[in-house]
Undergrad: 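Got a structure for you, written out below as structure tokens; questions coming shortly.
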There are 2 protein chains.
Amino acid sequence: MTTPRKPPTMADVARVAGVSPMTVSRAFKQDTSVSEATRGAILKVAEDLGYVFDSTASNLRSQRTNFVAVTIPSINNANFADTVGGLSDGLKERGLQILLGYTNYDIVEEERLIEQLLRRRPEAIVVTGGRHTERARRLLENAGIPVIETWDLPEAPLGHVVGFSNADAVRGMVDHFVARGVTRIAFIGGDADRDTRGTDRRSGFIAAMRAHGLDASRLIAAGAPPISMREGADAMGRLLDSLPDTQAVICVSDLSAFGALTECQRRGVDVPGRISIAGFGDYEIGAVSVPTLTTINPFPRDIGARAAGLIVDLFSGAQTDPARIEIEPELLVRGSSV
Amino acid sequence: MTTPRKPPTMADVARVAGVSPMTVSRAFKQDTSVSEATRGAILKVAEDLGYVFDSTASNLRSQRTNFVAVTIPSINNANFADTVGGLSDGLKERGLQILLGYTNYDIVEEERLIEQLLRRRPEAIVVTGGRHTERARRLLENAGIPVIETWDLPEAPLGHVVGFSNADAVRGMVDHFVARGVTRIAFIGGDADRDTRGTDRRSGFIAAMRAHGLDASRLIAAGAPPISMREGADAMGRLLDSLPDTQAVICVSDLSAFGALTECQRRGVDVPGRISIAGFGDYEIGAVSVPTLTTINPFPRDIGARAAGLIVDLFSGAQTDPARIEIEPELLVRGSSV
DNA sequence: ACAGTGTTTGTTATCGATAACATAAACGGG
DNA sequence: CCCGTTTATGTTATCGATAACAAACACTGT
């Protein structure tokens, strides 16, 4: 049986290659002055010895971790996954790695998560949303690294912002319906304030309806956010039972909108003939379902890509002032609405 | 303007609190011998100074990172997200944090990712699938940490396994159809071997059909894995055009199965009256769509939870031999099949 | 031939927490 | 009241890479 030897260090590689540890260190970096011959020889020795570079030591000495911390409400959400994908791809070239955590749509959990992430000494942190606990705000402000809030346009940003107004986006949807003469409009969303983006969308709905002088009381609470397809279907059932003259329903997400659509199908309610349905997020399902779903595309991948670009610019010195990058969501009118 | 001071260290906290740095270190750990009075005082000073524990130094000295590395094919996939969720929750209590990366269904990319992750010195690594490059295998074997392969039952495992046979699962589905007298069955999947689980499912389909003496040539390639709803719909279109007498189609995932279903709806093809459709993965959409989708539930969250439990047992010494935990997928017969 | 410039390599001290060891204070039973 | 035991704290050296500084070497133009 083989003794579980201690893994080789740079010093071991240096000894075998006949150079100083410093030269080995340089050989593992880019754009450092080591002759190609030496570098090649060193990397070969390293591979033969099974040496794997130890970031933990490098991180401490150089005070650089190459980590970018990212918090998202849920890992199981195609929109946030897209944002992380955009971030990840944009940061990969600069050798930056994402340290991901999820908050379960809970700002207390977010505070815990932020502290845990900051302990790893990330070089920047990207958070979803603009609402945080007092302590979380303090932690972020004192961290001494760029802070980017996304998916929102906070009134008092902590640093940089890459987002859009959830309320305005829904307002545009309401305006669209009203312009077509649709006035009895309902909103299906979560029943708690935990999902701040969902809450903002509902507020936008209410404000827009009132601005048109319309009844903004057709609000269906569908359960704890994030609400699922199933919950969207249940909510639609309750809506059809209680307010059967509703002409259109705006759902907090495409997932709940699809659930609502299926409930109509089960009941033989024609969409969009008898009722129009709209979602939010431009999930793939909305482009494929029968009928396709009217929705809003907030360009989640772009949010991540722009945040990544911002971080790169900040590190290269090309950007210094707090940035406020506003994404313009796009209204997609499709088959589920008149 | 405030000078960007250097962030405080443990030594700073110790000085202000009037104790040694070692005592501060102990105060930040659990189950260490510090009087409650001292600990309270130290934590208060730390909070006042805005001190945040520095893991990078701790990691180096203690040779423990509390990282568990995890590789998944795609971040944007509800099944893998569930596995990560199960892992994350199971590890959280032990203070272990997930270091996540995705491979894009590419084993060359996986090799790069594995090396990058190992540089961070994780204490265990969980990979999706059992097929790896030679170098990736060597890296994993030499890492000196527990290796867990998931979502598969490799013939030559690297270490521990938490998975199931994709081929056998699809075989069960074929058997189900054949038992009902359905014999002209097609398979819709990706057109490359990159997605090894998809390939295994197709192999299982072919083997099962042959075992029944049936024609196994109704194979539709729908594009590069992972195939989307849209690609599932396109593939269904081609299937209906080229082999209109097909009685049932098994899709590599619920997403493509749903796409296939919508194509039937657009064409007025009755499901399951004229053709049955089955998926894989038990995504939420299959439980909500009209009709609901026959599928296979491989319990993705359990895979993650069992892997987490295994890691905890390994660290506590309760488990020493290589484990092989087999998950039993469940066939869910629903509205989309006869 | 030689100062001046650029390239390649080496030496030393250090990043910030903690393992290992040592010691002082508190406790408890006969 | 004393010694063995537990509890609470301190001291010193160290994890493994690299920043900062230094120096040897090669080349270039006059």
Side-chain angles (χ1 to χ4, degrees), chain A residues 5-43 45-46 49-67 95 116 118-123 143-144, chain B residues 5-43 45-46 49-67 95 116 118-123 143-144:
Chain A
R5 253 171 318 158
K6 244 180 64 174
T9 73
M10 246 183 206
D12 299 321
V13 176
R15 198 172 313 113
V16 176
V19 295
S20 74
M22 194 64 233
T23 303
V24 178
S25 173
R26 291 188 178 110
F28 272 90
K29 302 266 164 274
Q30 320 242 18
D31 312 320
T32 39
S33 53
V34 190
S35 71
E36 273 317 306
T38 316
R39 165 172 282 137
I42 289 173
L43 293 183
V45 169
L49 291 180
Y51 170 73
V52 176
F53 183 90
D54 187 336
S55 295
T56 64
S58 171
N59 291 344
L60 176 59
R61 174 66 245 234
S62 67
Q63 298 287 72
R64 301 206 50 210
T65 58
N66 293 318
F67 271 140
Q116 190 189 26
L118 289 178
R119 288 175 164 218
R120 302 278 186 188
R121 294 292 187 268
E123 302 186 41
Chain B
R5 252 172 319 158
K6 246 181 62 174
T9 73
M10 244 180 207
D12 297 322
V13 176
R15 198 171 315 114
V16 175
V19 296
S20 74
M22 194 65 233
T23 303
V24 178
S25 173
R26 291 189 177 109
F28 272 89
K29 304 264 166 274
Q30 321 241 20
D31 311 319
T32 39
S33 53
V34 189
S35 72
E36 274 316 307
T38 317
R39 165 172 282 138
I42 289 173
L43 293 182
V45 168
L49 291 180
Y51 170 73
V52 176
F53 184 90
D54 187 337
S55 295
T56 67
S58 172
N59 292 342
L60 176 60
R61 174 65 243 235
S62 66
Q63 299 287 72
R64 300 207 51 210
T65 58
N66 292 319
F67 272 139
Q116 190 189 25
L118 290 179
R119 288 175 164 217
R120 302 280 186 188
R121 295 290 188 270
E123 302 186 40

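Since we're looking at a predicted model, the values are computed, not measured. Hydrogens, waters and symmetry mates play no part in the numbers below; they use all other heavy atoms, side chains included. Proteins come first, then strands; the chains are lettered A, B, ... in the order of their sequence lines, and each starts at number 1.
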Undergrad: Compare side-chain N and O positions of Tyr51(A) against OP1 and OP2 of dA17(D) and report whether any pair is under 4.0 Å apart.
TA: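 Yes.
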Undergrad: Roughly how far, to the nearest 0.5 Å, is OG of Ser35(B) from CZ of Arg26(B)?
TA: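 So the CZ of Arg26(B) and the OG of Ser35(B) are separated by 12.0 Å.
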Undergrad: Does the Glu123(B) side chain pair with the main chain of Thr65(B), one donor and one acceptor, at a distance under 3.5 Å?
TA: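 Yes.
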Undergrad: Arg39(B) side chain to Lys29(B) main-chain N or O, any donor-acceptor pair under 3.5 Å?
TA: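 Side chain of Arg39(B) to backbone of Lys29(B), a donor-acceptor pair under 3.5 Å: yes, one is there.
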Undergrad: With a 4.5 Å limit on heavy-atom distance, are the side chains of Thr9(A) and Asp54(A) in contact?
TA: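 With C-beta onward as the side chain, the pair stays apart.
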Undergrad: Hey, what do you get for CD (Glu36(A)) to OG1 (Thr38(A)), rounding to the nearest 0.5 Å?
TA: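 The CD atom of Glu36(A) sits 9.0 Å away from the OG1 atom of Thr38(A).
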Undergrad: Start with the C-alpha gap between Ile42(B) and Val45(B), add the side-chain angles, then the distance that decides, and say whether side chain to side chain contact (heavy atoms under 4.5 Å, CB included) holds.
TA: CA-CA 5 Å; Ile42(B) 289 173; Val45(B) 168; 5.8 Å; no
Undergrad: Show your reasoning for whether side chain to side chain contact (heavy atoms under 4.5 Å, CB included) applies to Arg120(A) and Asn59(B).
TA: CA-CA 10 Å; Arg120(A) 302 278 186 188; Asn59(B) 292 342; 3.6 Å; yes
Undergrad: Can you name the atoms? Protein N/O to nucleotides 6-10 of chain D N/O, anything below 3.5 Å, with the distance.
TA:
| from | atom 1 | to | atom 2 | distance (Å) |
| --- | --- | --- | --- | --- |
| dT9(D) | OP1 | Thr38(B) | OG1 | 2.8 |
| dT9(D) | OP2 | Ser35(B) | N | 3.0 |
| dT9(D) | OP2 | Thr38(B) | OG1 | 3.4 |
| dG10(D) | OP2 | Ser20(B) | N | 2.8 |
| dG10(D) | OP2 | Ser20(B) | OG | 2.9 |
| dG10(D) | OP2 | Thr23(B) | OG1 | 2.5 |
| dG10(D) | N7 | Arg26(B) | NH1 | 3.3 |
| dG10(D) | O6 | Arg26(B) | NH2 | 2.6 |

Undergrad: For the helix from dA1(C)-dT30(D) to dG30(C)-dC1(D), figure out the bend between the end axes, five pairs an end, and round to 10 degrees.
TA: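 The end-segment axes of the helix from dA1(C)-dT30(D) to dG30(C)-dC1(D) are tilted 20° relative to each other.
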Undergrad: Relative to the ring of Tyr51(A), is the ring of Phe28(A) parallel (under 30°), tilted (30 to 60°) or perpendicular (over 60°)?
TA: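 Rings of Phe28(A) and Tyr51(A): perpendicular, over 60°.
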Undergrad: With a non-hydrogen cut-off below 4.0 angstrom, is Phe28(B) in contact with a base, only sugar-phosphate, or nothing?
TA: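 No contact.
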Undergrad: Indicate the atoms forming the closest heavy-atom contact of Gln63(B) with Leu60(B), along with that distance.
TA: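 In this case the closest contact between Gln63(B) and Leu60(B) is OE1-O, 3.0 Å.
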Undergrad: Heavy atoms within less than 4.0 Å of DNA chain C: which residues of residues 55-66 of chain B have one? Give them sorted by number.
TA: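 Per residue number, the list reads Ala57(B), Ser58(B), Arg61(B), Ser62(B).
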Undergrad: Could you tell me how far apart Asp54(A) (CG) and dT14(D) (C1') are, to the nearest whole angstrom?
TA: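 Answer to the nearest Å: 14 Å.
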